[in-house]
There are 2 protein chains.
Amino acid sequence: MQNQSTTNGADTINITLTDRLFDALQRAIVEGEIPQGSKISEPELARQHGVSRGSLREAIARLEARKLVERKPNLGARVVTLSYEQLIEIFQLREALEGMAARLAAQNMTEMEIEELQTLLQQHGEQIAEQRGQAYFQKQGDLDFHYRIVQGSKNNQLIALLCNDLYHLLRMYRYQFGMRSKRSQQAYEEHHYLINAITARDAEMAELLMRQHIRSSRRNVEAVFLEQL
Amino acid sequence: MQNQSTTNGADTINITLTDRLFDALQRAIVEGEIPQGSKISEPELARQHGVSRGSLREAIARLEARKLVERKPNLGARVVTLSYEQLIEIFQLREALEGMAARLAAQNMTEMEIEELQTLLQQHGEQIAEQRGQAYFQKQGDLDFHYRIVQGSKNNQLIALLCNDLYHLLRMYRYQFGMRSKRSQQAYEEHHYLINAITARDAEMAELLMRQHIRSSRRNVEAVFLEQL
DNA sequence: TAAACAAAATGTGTCGACACATTTAAAAAT
DNA sequence: ATTTTTAAATGTGTCGACACATTTTGTTTA
């Protein structure tokens with residue numbers, strides 16, 4: 001999930017210049033190094049990275065496909081501006097997609113994958129118990145868990161959509177909105193219910209629980225936002 | 001739904017060369033003019049369309065983002081090869097996404113939009129009754145209906161995903177696999193139930209019915225495929 | 001004849017340059 | 001001083017050219 005090279009399955013590691021550029025720019029945008037809404041000057045960026053405009057342009061085109069930048073003809077490209085409304089829309093998307101992923105995972109994960117998932121969850125539990133490790137858990141642990149379930153669906157369309165397209169946009173929100181949440185304990189419990197449903201191969205229940213889980217997460221975000229106003 | 005110019009919202013109509021190229025290539029691929037799995041030679045295609053390789057390359061990059069072509073570094077681009085497995089995966093995606101769209105549409109469509117949808121459906125009914133108009137109905141009518149519901153969700157992420165990304169890939173399957181179905185009468189009835197749920201603002205039911213509708217459609221495809229073997 | 005190698009041909013990745021559009025700065029007019 | 005017009009500057013869209021990788025062809029060798 002962390003640093004996949006986007007284009008290649010696994011064969012060739014990050015060869016082309018455009019690939020590296022794309023990864024670099026994506027990181028810079030997601031982490032806010034290049035701020036929201038800022039205009040991207042092709043000549044300047046190309047110079048900064050020591051590449052030609054052509055290569056840069058292809059990289060920008062890919063960023064556009066992932067909805068990290070918006071481009072208007074003859075006016076150039078701007079980094080997207082995140083909004084509360086869009087975040088809610090994304091949560092609705094995730095509810096539908098990851099719900100289906102959980103359903104399929106309950107049907108298609110191997111016994112070994114399920115065991116590994118249980119092990120992972122157990123580690124999370126220990127971390128929470130030990131150090132009340134909120135930091136790690138919510139930032140990486142939650143993502144890991146969801147990631148494995150998506151993979152477990154064995155549906156390549158779903159996997160590509162969630163792990164390539166949506167994932168980075170979501171990461172951008174986490175970075176730039178902070179996304180603090182005191183839900184780690186509850187999230188852990190919800191993960192637990194989910195894994196039980198998957199272990200029991202109860203697809204219907206798995207989907208239901210995943211949707212509830214994501215909806216709870218959304219409500220938490222809504223609450224955090226409201227108290228900020 | 002038919003020939004939107006992809007990049008622009010509505011302001012500027014298809015200006016850049018790359019835009020036109022992209023639309024032309026997309027059409028050619030979807031309709032099978034450029035056959036599945038065929039290799040794309042950049043110099044040749046560029047010459048045929050009378051453009052430079054640079055412009056063509058950007059167009060190909062967009063096609064890649066829509067999963068209509070696959071590209072491997074230093075080996076070039078190929079038109080995707082459609083498969084039964086992938087089609088099933090797409091149906092699962094649609095079940096999740098359009099189900100959510102129906103749910104949201106029941107909540108967010110205006111009264112006027114609902115009335116228009118009813119009018120549209122009524123027209124479909126007449127066409128079916130009159131001429132047993134299978135041809136039109138299944139090809140365009142069904143798409144129109146689904147399209148309006150997706151729009152009615154008012155969720156821009158969902159709309160972009162379904163109407164831009166997935167739509168053309170699905171169209172490609174319809175073109176190249178034939179996709180004949182004797183389900184038009186039943187599909188019409190299912191649309192009827194759906195519109196009733198939306199009119200009653202019953203979001204839960206709308207999602208359920210849409211998912212059933214798409215699942216039926218998938219089963220029909222599965223059946224057609226099995227009898228072809 | 002088949003396999004291994006070498007050389008030519010083709011194709012992709014990357015670059016720099018030019019034409020036109022847009023924005024910014026300056027000058028003119030009210 | 002404010003607005004309109006004009007000109008300079010910057011930026012995007014498009015092109016053609018070169019370097020390197022891959023494929024194809026032809027040649028040599030077993």
Side-chain angles (χ1 to χ4, degrees), chain A residues 5-26 28-29 34-35 37-65 67-81, chain B residues 5-26 28-29 34-35 37-65 67-81:
Chain A
S5 54
T6 344
T7 315
N8 358 281
D11 32 313
T12 42
I13 325 166
N14 241 5
I15 300 187
T16 121
L17 229 187
T18 300
D19 284 337
R20 282 200 296 276
L21 242 186
F22 171 70
D23 286 344
L25 290 180
Q26 177 169 254
I29 290 176
I34 305 177
S38 65
K39 185 167 185 321
I40 293 178
S41 166
E42 293 181 3
E44 185 181 335
L45 247 195
R47 190 180 43 73
Q48 284 179 7
H49 290 258
V51 302
S52 82
R53 268 185 60 221
S55 304
L56 176 68
R57 254 161 155 278
E58 289 208 29
I60 292 180
R62 286 199 217 166
L63 292 171
E64 188 185 15
K67 303 195 188 305
L68 293 176
V69 314
E70 286 172 351
R71 191 185 240 172
K72 291 182 180 175
N74 288 318
L75 296 184
R78 309 190 87 89
V79 176
V80 291
T81 300
Chain B
S5 53
T6 346
T7 315
N8 359 281
D11 33 315
T12 42
I13 325 166
N14 241 5
I15 300 186
T16 120
L17 229 186
T18 301
D19 284 337
R20 284 200 296 277
L21 242 186
F22 171 70
D23 286 343
L25 290 180
Q26 176 168 254
I29 290 176
I34 306 177
S38 66
K39 185 168 184 323
I40 293 178
S41 166
E42 293 181 3
E44 185 181 335
L45 247 195
R47 191 182 41 74
Q48 285 178 7
H49 289 259
V51 302
S52 82
R53 268 185 60 220
S55 305
L56 175 68
R57 248 156 161 282
E58 289 208 29
I60 292 181
R62 286 200 218 166
L63 293 171
E64 188 186 15
K67 303 194 188 306
L68 293 176
V69 315
E70 286 172 352
R71 191 185 241 175
K72 292 183 180 175
N74 288 318
L75 296 184
R78 309 191 86 89
V79 176
V80 292
T81 300

Exercise for the section: Please name the pair of heavy atoms, one in Ala77(A) and one in Ile60(A), separated by the smallest distance, quoted to 0.1 Å. Expected result: CB-CG2, 4.0 Å

Problem - Closest-nucleotide 5' rank along DNA chain C - winner of Leu75(A) and Ser55(A) - result: Ser55(A)

Problem - Sugar-phosphate, base or nothing in reach of Ile60(B), heavy atoms under 4.0 Å - result: nothing

Practice task
For Gly76(B), report the nucleic acid contact type (base, sugar-phosphate, nothing); a contact means any heavy atom under 4.0 Å.
Solution key: sugar-phosphate

Practice task
Send over the distance from Glu42(B) CD to dA21(D) P, rounded to a whole Å.
Solution key: 17 Å

Handout entry: Nearest-neighbour nucleotide for the Ser52(A) side chain, dC15(D), dC18(C), dT14(C) considered
Key = dT14(C)

Completion exercise
In whole angstroms, the gap separating C1' of dT14(D) from CG of Leu21(B) amounts to 11 Å

Problem - Candidate nucleotides dC15(D), dC18(D), dT22(D), ranked by approach to the side chain of Asn74(B) - the nearest - result: dT22(D)

Exercise for the section: Round to the nearest Å and state the distance from Leu45(B) atom CG to dT12(C) atom C1'. Expected result: 14 Å

Completion exercise
Whole-Å distance, Arg53(A) CZ to dT10(D) P, equals 15 Å

Exercise for the section: Establish, with yes or no, whether the OP1 or OP2 oxygen of dT10(D) is under 4.0 angstrom from a side-chain nitrogen or oxygen of Ser41(A). Expected result: no

Fill in the blank from the handout: The nucleotide from dC15(D), dT12(D), dG11(C) with an atom nearest the side chain of Pro43(A) is dT12(D)

Practice task
Measure the distance from NZ on Lys39(B) to P on dT10(C) and round it to the nearest whole Å.
Solution key: 14 Å

Practice task
Show your reasoning for whether side-chain contact (heavy atoms from CB on, under 4.5 Å) applies to Leu68(A) and Leu25(A).
Solution key: CA-CA 10 Å; Leu68(A) 293 176; Leu25(A) 290 180; over 6 Å; no

Problem - Heavy-atom check, side chain of His49(A) versus side chain of Leu56(A), under 4.5 Å - result: no

Exercise for the section: Ignoring backbone atoms, establish whether Thr16(B) has a side-chain N or O less than 4.0 Å from OP1 or OP2 of dT14(D). Expected result: yes

Practice task
Round to a whole Å and report the spacing from CZ of Arg20(A) to C1' of dT14(C).
Solution key: 12 Å

Practice task
Evaluate the criterion salt bridge (Lys or Arg N to Asp or Glu O under 4.0 Å) for residue pair Arg62(A) and Asp23(A); output intermediate values, then yes/no.
Solution key: CA-CA 10 Å; Arg62(A) 286 199 217 166; Asp23(A) 286 344; over 6 Å; no

Practice task
Determine, step by step, whether Glu58(A) and Thr16(A) satisfy the side-chain contact (heavy atoms from CB on, under 4.5 Å) criterion, reporting the C-alpha distance in whole Å, the side-chain angles of both residues, the deciding distance to 0.1 Å, and the verdict.
Solution key: CA-CA 11 Å; Glu58(A) 289 208 29; Thr16(A) 121; over 6 Å; no

Problem - Whole angstrom value for the distance that separates P of dG11(C) from CD1 of Ile15(A) - result: 20 Å

Handout entry: 5'-most by nearest nucleotide on DNA chain C - Leu17(A) or Glu44(B)
Key = Glu44(B)

Practice task
Rounded to the nearest angstrom, tell me the gap between atom CZ in Arg47(A) and atom P in dC15(C).
Solution key: 15 Å

